[in-house]
2 protein chains.
Amino acid sequence: MSAAVIAIIGRMTRWGPDARGRLMKSALELYAKRGYDQTTVAEIAERAGLTERTFFRHFADKKEVLFAGSNDLRDLLVRGVAGAPSSAAPIEAVAAGLLAASAVFNEERRDYSMRRQSVIAANAELRERELIKLAALASAIADTLRRRGVSDPAASLTAEAGIAVFRVAFDRWVAAHNELGWSELVRGSLAELKALVAS
Amino acid sequence: MSAAVIAIIGRMTRWGPDARGRLMKSALELYAKRGYDQTTVAEIAERAGLTERTFFRHFADKKEVLFAGSNDLRDLLVRGVAGAPSSAAPIEAVAAGLLAASAVFNEERRDYSMRRQSVIAANAELRERELIKLAALASAIADTLRRRGVSDPAASLTAEAGIAVFRVAFDRWVAAHNELGWSELVRGSLAELKALVAS
DNA sequence: GCCTCGATGTCAGTCGCTGACATCAGGATA
DNA sequence: TATCCTGATGTCAGCGACTGACATCGAGGC
């Protein structure tokens, strides 16, 4: 490794590259090691070579640093739903959206997702934030379905069902000793839901 | 009105009756008038003739003062589900629970619920708290179903469906220009869900 | 080489929330 | 009746999340 590269890495401070990413990484590490409550924003910022004030310029609050990617996920889902063939039934369009999210839930990000999820599971405030993010996803999917001509309450109910499938698939994806990929998990969870509703 | 009664009402301060209730009332009034963010806990306490410290002895945080009744609601739902005839299908047991909640959703409390709900709708943090309370209700219902011999994932799915019905019924109940009572709204919303699922 | 502009730092302040300790009212007890 | 005990409340000090106002820095355009 060249001296120049070492110099860059060693000086991950003010005006260093990817301040936002450094904050996200530092936050997850500290939340995982010492717990969310026992971590101060000042500590996260210091570990990233920045100040508390800068943290709050990048993230609305101490929780949001764990949910920065949720807009990307929403866009993936929405595009997947919108891009389904117009002949597809609502639930199939939602399934297409969930499968499109495999761009985010790939093997490289599994470890990150596992760490993040264990942090969230350990704290009530973070679980609250996660719930409202999931509700926002459901709302975005419902909007997209309406734009496809699906009327209420079918649009919102289908979206809710889709999020239920998402949760089951995601729980399994981050579970230890799991060898299936995102697509298989989505398809399997959806099949289970269909079987249950049909019975 | 006797002088004694006036004296009592006028001195709703330290060691006055129902400190907790006074805090809840003051909080709702201030949240409704000036907004949740623009209201400080010290102001709520002062209006109730108490101090900020006492507020936090009665409620875990500034949001919780609006959700104090959720334990009662949970108990009503759980008892309603548990008390359904053992021959009843899971979804019918859940329906029994929702109908049992009519003890809380009666005409006298409608105005209070409307004010409370408009405060919650206006603030993201309060919506987060509401979501986790609803999730807790679903979880309690699912537990009760399991104790009735319903296995997973039917128990949790039925509970989620029940909460979906609850939300629809509640939204309609607090909507203006609504003349139906809680029981009719629950039955109607459940019928809609059944029709949608069957189609 | 100067200027502008966005990102960051600094500082002071408010408010949510907590622990430790003091105080008060009312009921039990001697 | 005087005393004591207990639970509810008050007081005080302090931490940490979050914000507004203003200063400073670095990189790119002129």
Side-chain angles (χ1 to χ4, degrees), chain A residues 4 7-8 10-28 30-31 33-68 119-120 123-129 132, chain B residues 4 7-8 10-28 30-31 33-68 119-120 123-129 132:
Chain A
I8 290 170
R11 194 174 39 80
M12 286 299 180
T13 169
R14 196 175 180 180
W15 284 281
D18 195 21
R20 185 185 176 86
R22 274 148 53 207
L23 286 169
M24 290 171 61
K25 187 165 183 290
S26 301
L28 180 57
L30 288 176
Y31 290 171
K33 178 163 63 171
R34 323 214 313 237
Y36 176 83
D37 282 333
Q38 316 314 320
T39 303
T40 72
V41 173
E43 289 167 342
I44 297 170
E46 187 188 4
R47 170 179 274 244
L50 298 164
T51 65
E52 188 185 14
R53 192 64 183 84
T54 296
F55 178 97
F56 286 112
R57 287 203 179 93
H58 283 279
F59 306 101
D61 58 45
K62 190 185 169 186
K63 303 163 212 156
E64 200 64 16
V65 67
L66 286 178
F67 296 89
V119 167
I120 292 173
N123 181 272
E125 291 179 58
L126 293 173
R127 288 197 302 272
E128 285 187 353
R129 181 59 53 87
I132 211 165
Chain B
I8 289 171
R11 193 172 41 78
M12 283 300 178
T13 169
R14 197 175 179 179
W15 284 279
D18 194 21
R20 184 184 177 87
R22 275 149 50 208
L23 287 168
M24 291 170 60
K25 187 165 182 290
S26 301
L28 180 57
L30 289 175
Y31 290 171
K33 179 164 61 171
R34 325 215 309 238
Y36 175 82
D37 282 333
Q38 317 313 321
T39 304
T40 72
V41 173
E43 289 167 343
I44 298 169
E46 186 187 6
R47 171 179 273 244
L50 296 164
T51 65
E52 188 185 15
R53 191 66 183 87
T54 296
F55 178 97
F56 286 110
R57 287 202 178 92
H58 283 279
F59 305 102
D61 59 45
K62 190 184 169 187
K63 304 163 213 156
E64 201 63 18
V65 67
L66 286 178
F67 297 88
V119 167
I120 291 173
N123 182 271
E125 290 180 58
L126 293 172
R127 288 197 302 270
E128 284 188 352
R129 182 58 53 88
I132 210 164

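Chain naming here is simple, since letters A, B, ... match the order of the sequence lines and numbering starts at 1 in each. Scope of the values below: all heavy atoms of this structure, side chains included, with no hydrogens, waters or symmetry mates.
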>> Using OP1 and OP2 only, check whether a side-chain N or O of A:H58 sits under 4.0 Å from C:dA7.
In response: no
May I ask you to decide if B:H58's main-chain N or O and B:R20's side chain share a donor-acceptor pair within less than 3.5 Å?
yes
Of all heavy-atom pairs linking A:K62 and A:V41, the shortest is CG-CG2, 3.7 Å
Taking for A:A60 and for B:A19 the nucleotide of DNA chain D with the nearest heavy atom, the one nearer the 5' end belongs to B:A19
Rounded to the nearest 0.5 angstrom, the CG-NZ distance for B:D18 and B:K25 is 11.0 Å
The side-chain contact (heavy atoms from CB on, under 4.5 Å) partners of A:T39 (sequence neighbours excluded) come to A:L30, A:Y31, A:R34, A:E43, A:I44
Looking at C:dG9, I'd like to know if its phosphate oxygens (OP1 or OP2) sit under 4.0 Å from a side-chain N or O belonging to A:T51. yes
Here the pair of heavy atoms bringing A:F59 nearest to A:M24 is CZ-CG, 3.5 Å
Separation of D:dA17 atom P from B:K63 atom NZ, nearest Å, is 14 Å
Is the number of heavy atoms from other residues, nucleotides or ligands under 6.0 Å of A:E46 CD greater than 12?
no
Separation of C:dG16 atom C1' from A:E125 atom CD, nearest Å, is 11 Å
Sorted by number, residues from residues 33-41 of chain B placing a heavy atom under 4.0 Å from DNA chain C are B:T39, B:T40, B:V41
Donor-acceptor pair present, B:R57 side chain and D:dG10 base, under 3.5 Å:
yes
B:L30 CG to C:dG16 C1', in whole Å, measures 16 Å
Between OH of A:Y31 and C1' of D:dA17 the distance, given in whole Å, is 11 Å
Rounded to whole Å, the CZ-P distance (B:R53 to D:dC15) equals 16 Å
A:E52 atom CD is separated from D:dA17 atom C1', nearest whole Å, by 7 Å
Whole-Å distance, B:E64 CD to C:dC17 P, equals 10 Å
note: B:F55, atom CZ; D:dG10, atom P; distance rounded to Å ~ 13 Å
On a heavy-atom basis, the closest approach of B:R22 and B:A48 is NH2-O, 2.8 Å
